[in-house]
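These notes concern the structure reproduced below.
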Amino acid sequence: MFTTRPDTLFGATYMVLAPEHPLISSLLELARKQPRINGRIRSARVEVLDPSGKSLGIMDLSEAIGFARQRGVDLIEVGVKQNVSICFAQDYGGFRDLRVRLNQQVGAIQKYRDLVAAKSDLERTELAKEKTGVWTGAYATNPVNGEKIPIWIADYVLASYGTGAIMAVPAHDERDWEFAKEFYLPIVEVVSKESVPPDVSGDWPAGSPSQRSVDLVSAGGRNLYAGGDVRPPEACYVGDGFGINSTSGALSLNGLPTAEAKEKIVAWLESKGLGTKTINYKLRDWLFSRQRYWGEPFPIVWKEDANGDLFHEALPESALPVLPPAPDDYTPTADGQPPLARATDWVELPDGSVRETNTMPQWAGSCWYYLRYLDSANASSFVSTAAESYWMSPSSLSPLLSPVSPFLPSSGVDLYVGGTEHAVLHLLYARFWHKVLFDLGHVSTPEPFFKLVNQGLILGEDGQKMSKSRGNVVNPDDILNEYGADALRLFEMFMGPLSDVKPWNTQGVAGVYKFLGRVWRLFVDEAAETAFEQALVTAEVAAQPALLQSVPVGASLQESPATPAQLKALHACIKKVTEDLEGMRFNTAISAMMIFVNEAMTWGVKPVSVLRTFLQLLAPFAPHLAEELWEKLNVRSLPAESLSYVAWPAYDPSLLVEDTLEIPVQVNGKLRAVIQVPAAAANAELESAALAAEKIQPFLAGKTVKKIIVVPRKLVNVIAA
RNA sequence: GCCGCUGUGGCGAAAUGGCAGACGCAGGGGACUUAAAAUCCCCAGAUCGUAAGAUCGUGCGGGUUCGAGUCCCGCCAGCGGCACCA
């Protein structure tokens, strides 16, 4: 039995086994078969168990019978394992009663197990909120007070977690509370929110429900507890508090805060050999194996033991890596075996063992490739110690960088981007694997990733999640063929904030494609463009790139000095794009570039220096187009060098200073006029200019000005009444 | 149930507490064209008005403030993740 709240042991009024729990099978077996007792046991060797199931050792039959007789109990066989008889040493009378009750319940138990087995995982976990269960007919003994508590089976207890068996404390666990209400099981409060002095928090009450209402069979399987000595609490309380109703001759937890009560009861249980403290780690079991070819094969082989039962074995390190065979056919076999099963030469090993034919999912590789990238050519190790520590370890950072600032470049992977749906689990596993590697001493940090950004899901054009069944899937390949990689990339960034969920819109791609066309025409001569398009129609495919390169830049591009207005437009764009990239606001960075291009299109003379810098801003968003135009510009001016190696431009704030400002004027908080003032205007000048504005006069007529609020360079608000 | 995100025009969206709707899509009008496409220019939140203009307007209800899409309190709705983990 497993619990995280040992302090509530006095409040355990029943216990629950998972329906699949092996003990249930043993109980059913017990009900069906008349057990052999004492002299009728056939095996020569006997493992003796005390009534709690604890093994007292294996001995010869005669010795075991003597052992039992000496203590006035019987030896009851409950099973045989490897020619050794498993026997309880306890009074047969009580045991017979149990068999009687089990036999009464056996039909119900089997029916319930069948019902549960028929349920899908979905039904059992996500949908099934209603509690179901069946009493087994058996009782357990609560070690702290000797109470008999009924053992139920219910599917709200999972066989796969803990021990698949729980003590139910309905007063302090929501699930137990619901179950107890459903089946009228007793509820005893043992934790109080408020501190209660030990002397007034009552003893385990006489005539408590578990003593009074044990005969569940006679009550039709239901414990009709109707109040009395212990009034059930009005609501379930799962928080910490102070022990009440938790005293027996053996020990008392009354008045103790939860943390102390836990310590005390655990110490007591351990001293009696009734339990041990343990730490339980949880890791979600994400279906790991696939019946596909494309994935890493498992380094696992299957063998048969003496009884012909299959068991699996890990291959030794010397057998790694396990490389997949290259079959002719990558489809599953007719009888549903994975594709690898086709490669019988590969599957069957000389010693008669057989390889696992399922493969790992793709994320098995992606959980650690950030490490492999650090040293991808290394043939002897997945990453060398030197490379790992250079890239991943904080101590390798340049001493010029202060180690205390959290804003400076970090060690490890700076940024992990992924949608929640995928990244929650992938990230969880990647971190888990990294921690395993850390514990094994292969990496120098326990955490690989510095920052997480969840990008938003792209929905279908109908605003619903893309799925084959809805028929709203957009294939990026089609977009790529129609509009090119730059347009696809640009549109994905233009749609909205990175982390927002947003619907796809193919017409929107056409929009940014149009923008890229405008950029192209900003640089390229219109006549040359027309000539190029006509030539393209008849050109051989192989000749097309050369044709593209031969298109000259437009005559309006000149090596002339930029005007102040042009510099202002450029530097405003640099500022916005630089800051937005830093904050991953790609959509507004792109709109800033659109604004720049819209303006630049109107320039009669386009200074090459300005357009060249603009291309650098565009490059991260539309790398192909930017690089192409960069080459054209440089053929004409500078020696050609890839755009990727040129330092990011800086902006000059002095170029962005405005001479005059448009200042909104409000009357009583409502916008009534906009005035033009010199950028350097003092507050008093703003006030008088505002009051003098023609458009605000009607709103001041017949009123007195009470107050004027001036926000320098921003706004004037006249309060009048 | 727990956790997270999001509510602003017909649509995607923008807005250090200070002119709500930048930029773009769809739409309307015009130019070019024999015509269409492409391209270029203009209009475009709603209501009333011929117009100038006025009023209303950022999911809902309160609050703070000269001023709230933005801050505070309380709701509602949608989306996503996790989920009888004792």
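In the text below, chain A, chain B and the rest are named by the order of the sequence lines, each starting its count at 1.
OP1 and OP2 of B:G24 both lie 4.0 Å or more from every side-chain N or O belonging to A:Lys502. For the OP1/OP2 pair of B:G18 and a distance below 4.0 Å, the side-chain nitrogens and oxygens of A:Arg713 include no atom meeting the criterion. For the pair A:Lys465 and B:G81, the criterion of a side-chain N or O lying under 4.0 Å from OP1 or OP2 is met. Between A:Lys714 and the phosphate of B:U16, there is no side-chain N or O to OP1/OP2 separation shorter than 4.0 Å. Proximity of A:Arg518 to the phosphate of B:U39: no side-chain N or O atom is located under 4.0 Å from OP1 or OP2.
Distance check on atom P: B:G67 versus B:A14 gives 28 Å, rounded to whole Å. Separation of the P atoms belonging to B:C2 and B:C48 is 46 Å when rounded to the nearest angstrom. Straight-line distance between the P atoms of B:A68 and B:C79: roughly 32 Å, to the nearest whole Å.
Geometrically, A:Arg175 does not engage A:Tyr156 in a cation-pi contact, judged by NZ or CZ lying under 6.0 Å from the ring centre and within 45° of the ring axis.
Within 4.0 Å of A:Lys514, counting heavy atoms only, lie sugar-phosphate atoms of the nucleic acid but no base atom. Nucleic acid contact class of A:Phe494 (heavy atoms, under 4.0 Å, all strands): base. Nucleic acid contact class of A:Gln666 (heavy atoms, under 4.0 Å, all strands): base. Nucleic acid contact class of A:Tyr513 (heavy atoms, under 4.0 Å, all strands): none.
Atom-to-atom, CG of A:Leu457 to C1' of B:G80 comes out at 8 Å; the value is rounded to the nearest Å. Going from atom CH2 of A:Trp504 over to atom C1' of B:C25 covers 13 Å, rounded to whole Å.
With both pairing distances under 3.5 Å, B:C75 is matched to B:G59 as a Watson-Crick or G-U wobble pair. Checking B:C40 for Watson-Crick or G-U wobble geometry (two distances, each under 3.5 Å) identifies B:G30 as its partner. B:G69: no Watson-Crick or G-U partner with both key distances under 3.5 Å is found in any strand.
Comparing B:A13, B:A86, B:C66 by their closest approach to the side chain of A:Pro497 singles out B:A13. When each of B:U39, B:U6, B:G12 is scored by its nearest atom to the side-chain atoms of A:Asp500, the top-ranked nucleotide is B:U6. Listed nucleotides: B:C66, B:A54, B:A86. Nearest to the side chain of A:Ile719: B:C66.
In this model, no donor atom of one side chain and acceptor atom of the other lie less than 3.5 Å apart for A:Thr578 and A:Tyr651.
Judged by distance alone, the side chain of A:Asp500 and the main-chain N or O of A:Lys502 form no donor-acceptor pair under 3.5 Å. A:Asn717 contributes no side-chain N or O that, together with a main-chain N or O of A:Ile709, makes up a donor-acceptor pair within less than 3.5 Å.
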Full working for salt bridge (charged side-chain N to carboxylate O under 4.0 Å, His left out) between A:Lys131 and A:Glu178
CA-CA 7 Å; A:Lys131 296 283 183 289; A:Glu178 284 168 26; 3.0 Å; yes
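A heavy-atom distance below 4.5 Å is found between the side chains of A:Ile458 and A:Met495.
Ionic pairing of A:Arg713 and A:Glu658 is not present here: no N-O contact between side-chain nitrogen and carboxylate oxygen is shorter than 4.0 angstrom.
Contact annotation: side chain of A:Lys131 to base of B:C84, donor-acceptor pair present below 3.5 Å. No N or O donor and acceptor, one from the side chain of A:Arg5 and one from the base of B:A86, sit under 3.5 Å apart.
Listed by residue number, A:Asn587, A:Thr588, A:Ser591, A:Met594, A:Ile595, A:Asn598 are the residues of residues 580-598 of chain A with a heavy-atom contact under 4.0 Å to RNA chain B.
Within 6.0 Å of OH in A:Tyr513 there are 12 or fewer heavy atoms belonging to other residues, nucleotides or ligands.
For A:Phe2 and A:Val501, each mapped to the nucleotide of RNA chain B holding its nearest heavy atom, the one lying further toward the 5' end belongs to A:Val501. If A:Ile166 and A:Pro664 are placed on RNA chain B by their nearest nucleotide, the residue sitting closer to the 5' end is A:Pro664.
Look at B:G9: its glycosidic torsion is within 90° of 0, and that puts it in the syn range.
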